[in-house]
S.K.: 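Submitted below is the structure of interest, expressed as structure tokens.
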Amino acid sequence: MQKTRDVVVCGSCVVDVLVRPVPLDEPLGAGRLVRTEPLVLATGGIVSNAGVTLARLGMSTAAFTYLGDDAWADVIRSRYAAEGLATGGLLTLAGVPTSTTAVMIDPSGERTFLHAVGAPKRLDKWAFLENLDLFAASRAMLLGYFSLLPALQDDLPEVLAAVRGVGCMTALDAAGTGGTLAELAPSLPHLDLYVPSHKEASHQTGEDDPERILATLRDAGAAGVVGVKLGGEGALLSERAGECVAIAAVEPPGAVVDTTGAGDCFIGGLLCGLLRGMPLGEAGRLAAACGARCVTALGATTAAGDYESTARLAGLGRPQ
Ligand SMILES: Nc1ncnc2c1ncn2[C@@H]1O[C@H](COP(=O)(O)OP(=O)(O)OP(=O)(O)O)[C@@H](O)[C@H]1O
Ligand SMILES: [Mg+2]
């Protein structure tokens, strides 16, 4: 099938309401009135964070997940449309709420999350198998988060094989604990790209050293590009067994304000680089620049930018 889209981003899609400052050193109960700044409405989850990153980098990007039939779904649809994301894959699940989080931020910036998982948790293999046309028309799919999609997890190898079967590259990100290697291993041979955070990868592999983490993922069946995100220290990526490329962190273009979502922005940048045909080291550099931009603003994609300025921040020279 003719490819009309670069990436479909699938899975976690959340409306965030940011409340600050909330003095969390005293109980909030007993009818207390706390005066705050005006509430800030934002979108989160991998569909929002990687999706907007990719769209701003100029990639043709679609969102695919379940939303509820509530007012929060309208917030997601209108914000994605404003970012240029295709919204036809945002499916309504009646009687189930859209995923929401109230983020309470104390005066020091420390965050407490009040989260209702809602509709995306219902994603199962049929959601994907009944919409394979969307993947057939796309060059790549990015799904998140492994360990937080209980209705899909056991069938994930089958879904990844089906998506690949229609000529669509597969990428996965993890969150939460990351789950176990026993749970992940059946999916690894079906992934073209898997780059969890150090915390998730350590939980999965029982290893701390990034090279040993990657070797363990290879031994468990990973055949595509694997890596581990290392926060302010960058990332380690590997194209094939025994070969690693260290990606240095990019100096953030401002003070570090909020690191939430840096991992999603990194994966968005990495996919963009790979789909543009860059060697892994350069794609990793573009990814690190996306992560570095993310951390300079409140909200994962507030500071996300276009390809030219991000490539310049990454030191990649002229656009390819
Ligand atoms: N303080 C920082 N300075 C520069 N770059 C950073 C910083 N924090 C993160 N990054 C970049 O973003 C990438 C992803 O961050 P991180 O390793 O925290 O991912 P993550 O744990 O999946 O994040 P999250 O799940 O919170 O989005 C890093 O590999 C790095 O390139
Ligand atoms: Mg992450």
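Whatever order the structure lists them in is the order used to number ligands and atoms, beginning at 1. Everything numeric in this text was worked out from a predicted model, so none of it was measured. Note that the numbering runs from 1 along the sequence shown for the chain.
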S.K.: Which heavy atom of the protein is the closest neighbour of atom 29 (O) of ligand 1, given with residue, atom name and distance?
M.R.: G234 O, 2.7 Å

S.K.: For ligand 1, does I247 get within less than 4.0 Å through its side chain, its backbone, both, or neither, judged by non-hydrogen atoms?
M.R.: neither

S.K.: Would you please test F64 and F135 for ring pair (Phe, Tyr, Trp, His ring centres under 6.0 Å) and show each step?
M.R.: CA-CA 10 Å; F64 179 79; F135 301 98; 5.5 Å; yes

S.K.: According to a hydrophobic-cluster definition based on side-chain heavy atoms being under 4.5 Å apart (Ile, Leu, Val, Met, Phe, Trp, Tyr only), do M59 and V47 belong together?
M.R.: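 Shared cluster, yes.
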
S.K.: For the pair K125 and D154, find out whether any cationic side-chain nitrogen is under 4.0 Å from an anionic carboxylate oxygen.
M.R.: no

S.K.: We want to know whether R56 and T310 form a side-chain donor-acceptor pair, criterion being a heavy-atom distance below 3.5 angstrom.
M.R.: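 On atom types as modelled, these side chains do not qualify, holding no pair under 3.5 Å.
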
S.K.: With a cut-off of 4.0 Å, which atoms of ligand 1 are near a heavy atom of S197?
M.R.: 20 (P), 21 (O), 22 (O)

S.K.: Could you check whether R20 pairs with D106 (Lys NZ or Arg NE/NH1/NH2 to Asp/Glu carboxylate O, under 4.0 Å)?
M.R.: no

S.K.: So if I count the atoms of ligand 1 from 1 in the order they appear, which ones are less than 4.0 Å from some heavy atom of L230?
M.R.: 17 (O), 29 (O)

S.K.: After noting the C-alpha distance and the side-chain angles of L316 and R285, does the key distance pass the side chain to side chain contact (heavy atoms under 4.5 Å, CB included) rule?
M.R.: CA-CA 8 Å; L316 289 175; R285 196 83 190 136; 4.2 Å; yes

S.K.: Within the 3.5 Å criterion, strictly below it, is a donor on R79 or S48 matched to an acceptor on the partner's side chain?
M.R.: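 No, no side-chain donor-acceptor contact under 3.5 Å.
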
S.K.: Name the closest protein heavy atom to atom 13 (C) of ligand 1, giving the residue it belongs to and the distance to 0.1 Å.
M.R.: F266 CD1, 3.7 Å

S.K.: With the side chain counted from C-beta on, respond yes when K121 and L149 share a heavy-atom pair under 4.5 Å apart, and no when they do not.
M.R.: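 Answer no - side chains too far apart.
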
S.K.: So which of A201, A289, A262, G232 gets nearest to atom 15 (O) of ligand 1, if we judge by its closest heavy atom?
M.R.: A262

S.K.: Between G227, G261, A292, C265, flag the one that comes closest to atom 26 (O) of ligand 1 by a heavy atom.
M.R.: G261

S.K.: At what distance is the nearest protein heavy atom to atom 28 (C) of ligand 1, and which residue and atom is it?
M.R.: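 Ranked first by proximity to atom 28 (C) of ligand 1 is G231 O, 3.2 Å.
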
S.K.: If we count only N and O atoms by modelled type, under 3.5 Å, do the side chains of T216 and D219 hold a donor and an acceptor together?
M.R.: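 Their side chains do not contain a donor-acceptor pair, so the 3.5 Å distance test is not met.
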
S.K.: Purely on distance, is any nitrogen or oxygen of K229 under 3.5 Å from one on ligand 1?
M.R.: yes

S.K.: For atom 5 (N) of ligand 1, which candidate among V250, V228, L237, I267 holds the nearest heavy atom?
M.R.: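 When every heavy atom of V250, V228, L237, I267 is considered, V250 comes closest to atom 5 (N) of ligand 1.
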
S.K.: Residue-level breakdown please: for A288 versus ligand 1, do any non-hydrogen atoms fall below 4.0 Å on the side chain, on the backbone, on both, or on neither?
M.R.: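 The part of A288 near ligand 1 is both the backbone and the side chain.
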
S.K.: Select the closest option to atom 14 (C) of ligand 1 among C290, G263, G291, judged by heavy-atom distance.
M.R.: G263

S.K.: Could you identify the single nearest non-hydrogen protein atom to atom 3 (N) of ligand 1 and state the distance to 0.1 Å?
M.R.: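 Looking at atom 3 (N) of ligand 1, the protein heavy atom closest to it is P252 CG, 3.4 Å.
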
